[in-house]
Number of protein chains: 2
Amino acid sequence: MAKSSTPSRERIVAGAADMISRRGLSATSIREMAKHAKAPLGSTYHYFPEGKQQLATEAVRYTGEWVARSLRKELEAGPAAGLKAFLDLWRKVVVDSDFHAGCPVLAVAIEEPQDGEIPPALTAAAEVFEQWETLLADSLRAYGAQTEQAAQLATLTVAAVEGTVAMCRAKRSTEPLDRIAEQLLVLIAAAAPK
Amino acid sequence: MAKSSTPSRERIVAGAADMISRRGLSATSIREMAKHAKAPLGSTYHYFPEGKQQLATEAVRYTGEWVARSLRKELEAGPAAGLKAFLDLWRKVVVDSDFHAGCPVLAVAIEEPQDGEIPPALTAAAEVFEQWETLLADSLRAYGAQTEQAAQLATLTVAAVEGTVAMCRAKRSTEPLDRIAEQLLVLIAAAAPK
DNA sequence: GGTAGACTATGACGAACGTTATAGCCAGAG
DNA sequence: CTCTGGCTATAACGTTCGTCATAGTCTACC
């Protein structure tokens with residue numbers, strides 16, 4: 001008992017994140033998530049008793065932490081290095097999946113809440129975006145950027161990368177990523193001189 | 001006969017674009033699209049015999065042309081005016097829908113092709129992005145921007161706005177749009193001085 | 001006024017959906 | 001050994017999905 005850290009549970013979450021990033025939340029069925037993680041369907045409802053919403057929420061947070069970890073590490077070398085890592089990470093996701101996968105956080109963010117209630121997965125997506133922005137903005141400020149400028153630039157960076165990943169998938173090319181990389185690197189160099 | 005320009009057909013396409021922008025493509029059923037346009041289900045298969053994919057493709061192109069029209073008009077006053085119109089247009093979509101609607105082109109762009117085939121709706125999304133970028137880039141060049149710089153800035157703008165619209169929905173706030181607006185306006189003013 | 005062809009109404013098809021229930025397995029504690 | 005409780009296996013529930021077929025209505029021209 002109390003042995004709730006079975007590798008099976010994390011495998012389901014990681015697999016769910018991958019599938020959501022490819023097909024979107026509502027096009028991904030719980031049966032497929034289970035099969036993709038080689039777990040029985042019953043297990044998903046055992047680990048995630050609140051069903052699909054809970055699984056989606058955890059997948060978003062899982063991705064958020066995965067990216068944040070890389071971001072935190074590379075930002076130690078300054079905001080430009082952090083941005084490069086951010087760009088490379090998403091480029092790898094897109095290329096390795098042959099333009100099939102993207103960002104699961106974005107995929108969840110654009111699904112409409114149909115009740116009056118705001119689904120927890122959407123709130124989680126907002127928090128993940130906020131977290132990424134804060135990491136970037138803090139680093140920019142630490143390297144000399146003005147407070148307001150840092151916040152604006154961080155938002156621009158996260159939004160542009162998210163949008164560009166989607167554009168790369170549609171165009172089946174990484175050229176959009178290459179283009180915004182140049183622009184963002186210049187911007188960051190100018191805003192955070194030291 | 002030959003009276004294929006019934007208002008009913010366009011109503012279905014416009015309604016489909018709206019619904020796709022809210023819930024994504026696969027979460028939007030043909031039955032709901034028909035009901036939303038007050039058209040019978042049979043009519044959708046009469047007007048769009050290739051089914052859901054055709055309807056999605058036309059919805060993407062419809063939105064693409066709607067935005068391009070506004071863009072072309074406002075860009076006559078220069079790239080800064082065009083950008084402002086682009087931002088305002090999407091801000092209006094997000095606010096008027098109480099953060100429920102976004103961009104249907106983005107929604108279609110992030111759906112995985114499950115066969116080896118690339119669905120026509122995805123190709124249409126790529127073309128729409130390309131069209132918006134070209135409109136912006138041409139205007140930037142006409143006002144003095146370098147060729148390469150103009151292309152990069154146009155891609156950054158479209159991608160950032162698309163990503164920001166999604167962020168605004170998740171956060172239920174227009175603040176991200178306000179932030180990137182400032183940054184992009186400065187960028188464009190610097191790149192296209194006259 | 002009759003006939004053709006554009007549109008609508010209705011219902012059905014198999015498949016897949018999210019979710020739940022129940023019975024079985026199989027480790028470790030007593 | 002027995003027993004408990006975490007996990008699995010299997011089947012079923014009601015609903016909705018995309019798509020198709022068919023019969024009916026309506027309108028515009030000859």
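Computed from a predicted model, the values in this text were never measured in an experiment. Residue numbers begin at 1 in each chain, while the letters A, B, ... track the order of the sequences.
The interatomic distance linking B/Gln114 (CD) with C/dA16 (P) rounds to 13 Å, in whole Å. The interatomic distance linking A/Glu32 (CD) with C/dA15 (P) rounds to 16 Å, in whole Å. In this structure, A/Ile30 places its CD1 atom 17 Å from P of C/dA16, rounding to the nearest Å. Nucleotide D/dG5 holds its P atom 18 Å from the OH atom of A/Tyr47, rounded to whole Å. The separation between A/Phe48 atom CZ and C/dG18 atom P is 15 Å, rounded to whole Å. Whole-Å rounding puts the B/Met33 CE to D/dT16 C1' distance at 14 Å. Between the P atom of C/dA21 and the OH atom of A/Tyr45 lies a distance of 12 Å, rounded to the nearest Å. One interatomic measurement links the two molecules: NE2 of B/His46 to P of D/dA23, which rounds to 18 Å at whole-angstrom precision.
For the atom pair OG1 of A/Thr44 and CE of A/Met33, the computed distance is 8.5 Å after rounding to the nearest 0.5 Å. Here A/Glu74 contributes atom CD and A/Leu83 contributes atom CG; the two are 11.5 Å apart, rounded to the nearest 0.5 Å.
Each end of the helix from C/dG1-D/dC30 to C/dA23-D/dT8 gets its own rotation axis from five pairs of C1' atoms, and the angle between them is 10° to the nearest 10 degrees.
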Distances for protein N or O near nucleotides 11-14 of chain C N or O, under 3.5 Å:
from   : atom 1 : to      : atom 2 : distance (Å)
C/dA12 : N6     : B/Arg31 : NH2    : 3.2

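The side chain to side chain donor-acceptor pair (under 3.5 Å) pairs that include a residue from residues 148-169 of chain A are A/Glu133-A/Thr155, A/Gln149-B/Gln183, A/Gln152-B/Glu182, A/Gln152-B/Gln183, A/Thr155-B/Arg179, where partners are two or more places apart or lie in different chains.
At a threshold of 4.0 Å, the pair A/Asp18-A/Arg22 counts as salt-bridged, since one of the basic side-chain nitrogens sits closer than that to a carboxylate oxygen.
A 4.5 Å side-chain heavy-atom check between B/Arg141 and B/Thr147 finds at least one atom pair inside the cut-off. With contacts defined as side-chain heavy-atom distances shorter than 4.5 Å, the pair B/Val67/B/Val105 does not qualify. Side-chain contact between A/Val158 and A/Leu136 is present, with heavy atoms from C-beta onward closer than 4.5 Å. Contact annotation: the side chain of A/Ile20 never approaches that of A/Thr63 to less than 4.5 Å [non-hydrogen atoms, C-beta and beyond]. The side-chain heavy atoms of A/Asp138 and A/Leu75, taken from C-beta on, include no pair separated by under 4.5 Å.
A/Thr44 comes within 4.0 angstrom of no nucleic acid atom, judged by non-hydrogen atoms across all strands.
At the phosphate of D/dT16, neither OP1 nor OP2 sits under 4.0 Å from any side-chain N or O atom of B/Ser29.
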